[in-house]
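Each chain gets a letter, A, B and so on, in the order its sequence line appears, and its residues count up from 1.
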Protein chains: 2
Amino acid sequence: MVRQPSINAQNRAPLSIERITEAALQIVDGQGLGRLTMRRLGDALEVEAMAIYHHLPRGKEQLLDGLVAHVAAAPADASAADAASWRGTLRAWAAGYRSRLLAHAGVLPLVVTRRNPAALAATVASLREVMRQGGVREEPAAVAAHALLGYVIGHAALEVRGTAEDGADRAVDWDARFTAGLDLVLAGAG
Amino acid sequence: MVRQPSINAQNRAPLSIERITEAALQIVDGQGLGRLTMRRLGDALEVEAMAIYHHLPRGKEQLLDGLVAHVAAAPADASAADAASWRGTLRAWAAGYRSRLLAHAGVLPLVVTRRNPAALAATVASLREVMRQGGVREEPAAVAAHALLGYVIGHAALEVRGTAEDGADRAVDWDARFTAGLDLVLAGAG
DNA sequence: ACCTGAACACCGTTCAAGT
DNA sequence: ACCTGAACACCGTTCAAGT
């Protein structure tokens with residue numbers, strides 16, 4: 001007779017890097033980065049905190065690296081770009097990337113820290129590739145790629161702070177402002 | 001007879017917010033944000049950690065706010081700008097602001113966090129004012145101000161990570177790249 | 001192989017006490 | 001007014017032990 005799955009310690013879904021990262025992201029999004037502790041993460045996964053180290057030997061460092069990779073490694077799809085409309089491709093990518101950053105604003109400080117260089121490197125490379133296929137020369141493409149990613153990250157940081165404060169920024173239409181600034185950056189590119 | 005200053009517990013320079021912030025910044029610049037603890041800060045000031053709370057009632061939160069203010073509140077000098085060369089004024093401001101951010105890279109994650117909205121708000125306002133005096137209309141100036149500050153902060157974040165990694169970015173001339181990207185942003189402004 | 005429990009060396013912060 | 005010392009409730013992480 002086959003054992004039925006039941007809700008006890010033996011039969012619950014086994015721990016995995018994916019489940020751990022997902023639970024961590026949920027804590028950060030819901031309660032903030034400061035409240036992400038190994039003990040609380042263990043509670044969320046219905047496991048003792050120390051069990052997590054079995055799946056992430058480098059501990060919390062590795063956990064945070066995973067969060068950055070999950071949020072910041074979102075390359076533009078160079079294959080979807082017909083050569084003529086590379087600006088449109090980059091505009092669409094920027095809108096999506098900004099959404100990700102704002103949806104996981106708690107991870108932003110980690111993106112800005114030294115952690116996980118690979119995630120951002122891959123993203124920059126994809127931006128350069130989209131431009132290369134659009135006929136932009138190497139050096140201007142490299143400049144524009146860093147300018148674009150820098151703008152998106154920096155503007156997202158300003159938005160997160162601006163929407164929270166009571167100052168002159170309270171009534172700003174951030175969507176419109178982001179798009180207008182994006183056009184500024186893309187207009188000169190190429 | 002006047003007592004000579006001497007190196008003991010009675011006669012050392014009294015604690016002050018300035019001395020505390022200075023010592024904290026030195027720890028962050030030298031050892032990283034993660035090693036800034038109240039106990040270590042107390043050691044640096046030759047004082048028990050708990051004495052710090054007498055000068056910063058809001059504790060570590062207030063300390064970090066002070067660091068952000070020290071690094072991120074660097075407005076452009078609108079009075080020094082003759083109307084015609086507002087682009088030059090902004091270029092000079094951007095170069096200086098970037099230097100500050102790179103010199104205190106450990107504080108960057110805090111600038112990106114929710115702390116101390118006033119510091120960045122004042123900086124944005126000064127950028128708008130420089131443009132206003134240059135004859136730029138209000139709405140384009142507001143867009144360009146946020147785009148510019150966003151670009152500078154975001155690019156600085158990429159630089160801090162880029163110079164540390166061994167990937168394709170190792171040989172990048174970041175000074176040149178920053179300036180070229182800055183021209184991209186400023187060219188469309190106004 | 002995977003998880004637990006106890007333990008260690010730290011944190012930020014409170015509070016009563018000293019001067 | 002300004003600083004100290006002891007204490008509290010947390011951290012991340014190690015390690016021996018369980019199954």
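In terms of modelled atom types and a separation under 3.5 Å, the side chain of B:Tyr97 and the main chain of B:Ala72 share a donor-acceptor contact. Checked by atom type and distance alone, the side chain of B:Ser126 pairs as donor or acceptor with a backbone atom of B:Ala76 at under 3.5 Å.
Rounding to whole angstrom units, CD1 of residue B:Ile27 and P of C:dC11 are separated by 11 Å. Rounded to whole angstrom, the span from the CD atom of B:Glu48 across to the P atom of D:dC2 amounts to 18 Å. If you measure from atom CD1 of A:Ile52 to atom P of C:dC2, you get 15 Å, rounded to the nearest angstrom. To the nearest angstrom, P of D:dC3 lies 13 Å from CG of B:Leu41. Nucleotide D:dC11 holds its C1' atom 14 Å from the CG atom of A:Asp43, rounded to whole Å. In this structure, the CD atom of A:Gln62 is 15 Å from the P atom of D:dG12, given to the nearest Å. Spacing between atom CG of A:Leu45 and atom P of C:dT4 amounts to 11 Å, rounded to whole angstrom units.
Here A:Leu149 contributes atom CG and B:Leu158 contributes atom CG; the two are 5.0 Å apart, rounded to the nearest 0.5 Å. Rounding to the nearest 0.5 angstrom, the gap separating the CZ atom in A:Arg132 from the CH2 atom in A:Trp86 is 14.0 Å. Here CG of B:Asn116 is found 10.0 Å from CG of B:Leu67. Values are rounded to the nearest 0.5 Å.
Ion pairing between B:Arg115 and B:Glu61 holds under the 4.0 Å rule for side-chain N and carboxylate O. A:Arg98 and A:Asp175 are joined by a salt bridge, as a carboxylate oxygen and a charged side-chain nitrogen come within less than 4.0 angstrom of each other. One finds no salt bridge joining B:Arg177 and B:Glu159 here, because no Lys/Arg side-chain nitrogen approaches an Asp/Glu carboxylate oxygen to under 4.0 Å.
Checking the phosphate oxygens (OP1, OP2) of C:dC11, a side-chain nitrogen or oxygen of B:Arg40 falls inside 4.0 Å. For D:dA1, the OP1/OP2 oxygens have no side-chain nitrogen or oxygen of B:His55 closer than 4.0 Å.
Under the 3.5 Å distance criterion, with hydrogens and angles disregarded, no donor-acceptor pair is assigned to the side chains of A:Gln26 and A:Glu22.
A single hydrophobic cluster is not seen to contain both B:Val143 and B:Leu186; linkage of ILVMFWY side chains at heavy-atom distances under 4.5 Å, directly or through other members, places them apart.
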If the sugar-phosphate is the primed atoms plus P, OP1 and OP2 and the base is the rest, what is the B/S/- string for nucleotides 13-19 of chain C, using protein heavy atoms under 4.0 Å?
BB-----
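Relative ring orientation between B:Tyr151 and B:Phe178 is described as parallel, the plane-to-plane angle staying below 30° on a 0-90° scale split at 30° and 60°.
At the heavy-atom level, B:Leu56 lies nowhere under 4.0 Å from the strands shown.
Of the residues in residues 105-112 of chain A, none lies under 4.0 Å from DNA chain D by heavy-atom distance.
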Note, DNA chain D 5' to 3' with Watson-Crick or G-U pairs under 3.5 Å encoded as ( ), [ ], | and . gives ||.|||||...|||||.||
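Ranking D:dC3, C:dA1, D:dC11 by closeness to the A:Thr37 side chain, first place goes to D:dC11.
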